[in-house]
*Asks:* 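Below are the structure tokens for one structure; questions will follow.
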Amino acid sequence: MNDYLSTLTLEAPLDRDGLRRLAIHACLDLHQVRWLRSFVAMDGKRMLCWYQARDAESVRLVLRQQGSAGAGVWPVAVTDVAGSESLDSSVGCMVVELPLSSPDADEVASLTAGISAALRGSGAVLRRTFLSSRDARLMGVVEAGNPGTVVERLDAAGILTASLWECAAFDPRPPKLFESHAASKVRELDRDAESFGAAAPVAASEWFDAIVIGAGLSGMCALERFTRMGLSVRVFESGSDVGGVWYWNRYPGARVDSEVHTYGFSFSDELIRDWNWQELFAAQPEISGYLRHVADRFDLRRHIQFDTRVASAAYDDHHACWMIETDTGERARARYLIMAAGTLSAPQLPDYPGMRDFTGESCHTADWPESGIDLRGKRVGVVGTGASGVQVIQTIAAEVDHLTVFQRTPTYCIPQRNRPLTEADLRRIREDWGQILKTCRESYGGFIHTFDPRSGLRVSAEEREAKFEELWRKSGFAFWFGNFADLMMNSEVNSHACEFLRNKIRARVHDPDTARKLLPDHPFGTKRVPLECGYYETYNRSNVTLVDLRETPIERVTPSGILTSRQAHPLDVIVYATGFDAGTGSITRIDVRGADGVSLEDKWRDGPTTFLGLLVSGFPNLFIVNGPHNAAALCNAGRCIDQNVDWIARCIERMCGQGIRRVVPAPAAEAEWTQHVYDVAEASVLAAMKNSWFFGANTPGKPQRVNIYAAGASEYRKQCEAVANSGFTGLEFS
Ligand code: NAP
């Protein structure tokens, strides 16, 4: 290995962390380039990096890749080494840059001797020189130098200095991530690098360590973490800004169902200090604003390509990398592919005849136009009464002329009890931040609510009723995740909770027939529970009609409205709140092909198979965040994303550190996890009602297989930790 210096031009001065990230970014294990340390020019606009590499070409290649990664950096010159003195990395150093009239050996030798003589007795020592043959410069690495003294001494000796570079003030040790490989590995990588260049039609500039699909919460969290690890990352996002579901779901009333401070990112304490949440359950505009703030604050946008949908992803086994192609034909490669496309982001429209003939306006809640839809004074129909439908219905009822709700399955809604967050609330949240995160980490759903450890059958009927009432009066998912510990496992406890909630509906809805239609008959929690604000009272309004599709199904959509088996409902606007092809839809809508060319859609034809919901056998280096078989569906998404990304990062760190190029779950480990997911669901109350997106039942043609890990987020975390702590048992590394 030789040493090389390279100057990089910065578009703008960077802070310490930015510089560090930039320097270590450039080190791809494929090219065997190690970053040693960096120096910054006095003008703050240029940076000098010192690398160890096999040859100058590797450094150039890496820098070209780096330059195109949007970092605003490009190589100016790579200089060859002309000295071999070792340097004690524990002491400070600087670089002096001296112009040469010609890069001839005599001039270099005399200048080198001149610098050494000039510095004698100053405490600064010239340790090493690098020669730039391209632009006739000599770079001298001076150890323990005081910049002022060095310049003075060189001036006094009549030696002209072009610029002075100070060692960037960060840990100069090479990051662990880039430990050197065994010689055999290097030879293998060499061969690979050559054949890669010859075979691949993709420019080196489109090569990244990791490609992330989606710039919602998951993608942003992965991006922040991976860039902090020093990986080069490109995120592809179909929207025009960050946010994912929060970008697309702009329907009236869209609002988070986690206490919002527990939902945001936890990777920086500054965020919880800087951002003043306005409401306990923030609405879509506030959350979108927060996510844009995070993107700006952590300079994430430069790694994200917006308005770009990934159409296909194919694994290239020979080069151990993924090749993606976008819908506009652009291609890019990366060692790791991260699916962060969202568990609920592939909208599911019904297929009623005549939908295209409707002459009014219609849209899915997850595809709401940015300019909005003016619903005032209109006759509006809402199809679907899941969490999205409930939020739309309770929000728009007062402004429309008439609202017709088309309900297929009634579901249990519990009061959200939203409120503004005061200064005192925010102070308390900031003070308790560590404890809040710990509680979420350890709780079943990743929320701040924790189960009552008692069984719902070990208390008297009065005590049980009192507990239900107390929880019902609390905000958020207290009634779900703060309930008796066996609520989700014991059908008798669950049926008591159901009856309590049915009584609440009966008490709130005036018309007994409407109340009857709103009464669910499935176990509580077997569909994700919507949080409501006055939802049931909406049905007491004279301008709201509830149509029970189980009694009078929709026959078709007509040009002027919806026709059920009983009557025509004239409408100006139809809102489809009909949910998503959940868990797998956002992944299989991309043509993903694994090592042997098999498509993921085919592999999952009978239902998803995964290891920990994070990896899939036959699909090396593909990681899924909050996908199927994950605890995410019952979880506070922000907290589950943290955990998923952390686990993936640990796995990648191990691979980088040990020169491992491939990871894939062993088929037996995948089969075992998948069976475990089924077993857990069968042992819970979920088994009693499979008509939900938890089982893919809402997507025509989809196999009815459980999508979610029903043992909860804390148990899921434990299982993942156990795998990581055991050296990633179940995974095959090569
Ligand atoms: P969903 O829970 O799947 O609800 C879809 C609704 O549409 C159901 O009522 C469904 O009836 C009905 N539906 C589907 N196809 C239909 C058809 N062909 N004809 C008539 N009705 C039909 O979808 P979602 O409400 O969008 O919520 C999905 C998930 O997103 C939630 O469970 C939650 O995790 C998340 N979300 C969260 C929030 C929040 O508060 N933060 C808000 C919105 C969404 P059936 O039940 O009979 O299938």
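Along the sequence shown, residues carry numbers from 1. Every number for a ligand or one of its atoms is a count from 1 in the order of the listing.
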*Asks:* Any salt bridge between Glu682 and Lys690, counting N to O under 4.0 Å?
*Replies:* yes
*Asks:* For residues 474-490, which residue pairs qualify under side-chain hydrogen bond (donor to acceptor under 3.5 Å, both in side chains), counting only residues two or more places apart or in two chains?
*Replies:* Ser455-Asp486
*Asks:* Can you see which heavy atom on Val706 is nearest to which on Val677, and at what distance?
*Replies:* CG1-CG1, 3.7 Å
*Asks:* Pick from Arg419, Arg255, Arg417: which one makes a salt bridge (charged side-chain N to carboxylate O under 4.0 Å, His left out) with Glu279?
*Replies:* Arg255
*Asks:* For ligand 1, run through the N/O pairs with the protein that fall under 3.5 Å and put one pair on each line.
*Replies:*
residue: ligand 1; atom: 7 (O); partner: Ala577; partner atom: O; Å: 3.2
residue: ligand 1; atom: 9 (O); partner: Thr385; partner atom: N; Å: 2.9
residue: ligand 1; atom: 9 (O); partner: Gly386; partner atom: N; Å: 3.4
residue: ligand 1; atom: 15 (N); partner: Arg408; partner atom: NH2; Å: 3.4
residue: ligand 1; atom: 19 (N); partner: Tyr352; partner atom: OH; Å: 2.5
residue: ligand 1; atom: 25 (O); partner: Ala387; partner atom: N; Å: 3.0
residue: ligand 1; atom: 25 (O); partner: Ser388; partner atom: N; Å: 2.8
residue: ligand 1; atom: 25 (O); partner: Ser388; partner atom: OG; Å: 3.3
residue: ligand 1; atom: 26 (O); partner: Ser388; partner atom: OG; Å: 2.6
residue: ligand 1; atom: 32 (O); partner: Trp693; partner atom: NE1; Å: 3.0
residue: ligand 1; atom: 40 (O); partner: Arg255; partner atom: O; Å: 3.2
residue: ligand 1; atom: 40 (O); partner: Gln391; partner atom: NE2; Å: 3.2
residue: ligand 1; atom: 41 (N); partner: Arg255; partner atom: O; Å: 3.0
residue: ligand 1; atom: 41 (N); partner: Asp257; partner atom: N; Å: 3.2
residue: ligand 1; atom: 46 (O); partner: Thr409; partner atom: OG1; Å: 3.4
residue: ligand 1; atom: 46 (O); partner: Lys527; partner atom: NZ; Å: 2.6
residue: ligand 1; atom: 47 (O); partner: Arg408; partner atom: NE; Å: 2.9
residue: ligand 1; atom: 47 (O); partner: Thr409; partner atom: OG1; Å: 2.4
residue: ligand 1; atom: 48 (O); partner: Arg408; partner atom: NH2; Å: 2.9

*Asks:* Is the closest basic N to carboxylate O distance between Glu555 and Arg566 below 4.0 Å?
*Replies:* no
*Asks:* Walk me through whether Phe580 and His364 qualify under ring pair (Phe, Tyr, Trp, His ring centres under 6.0 Å).
*Replies:* CA-CA 10 Å; Phe580 302 88; His364 190 281; 5.7 Å; yes
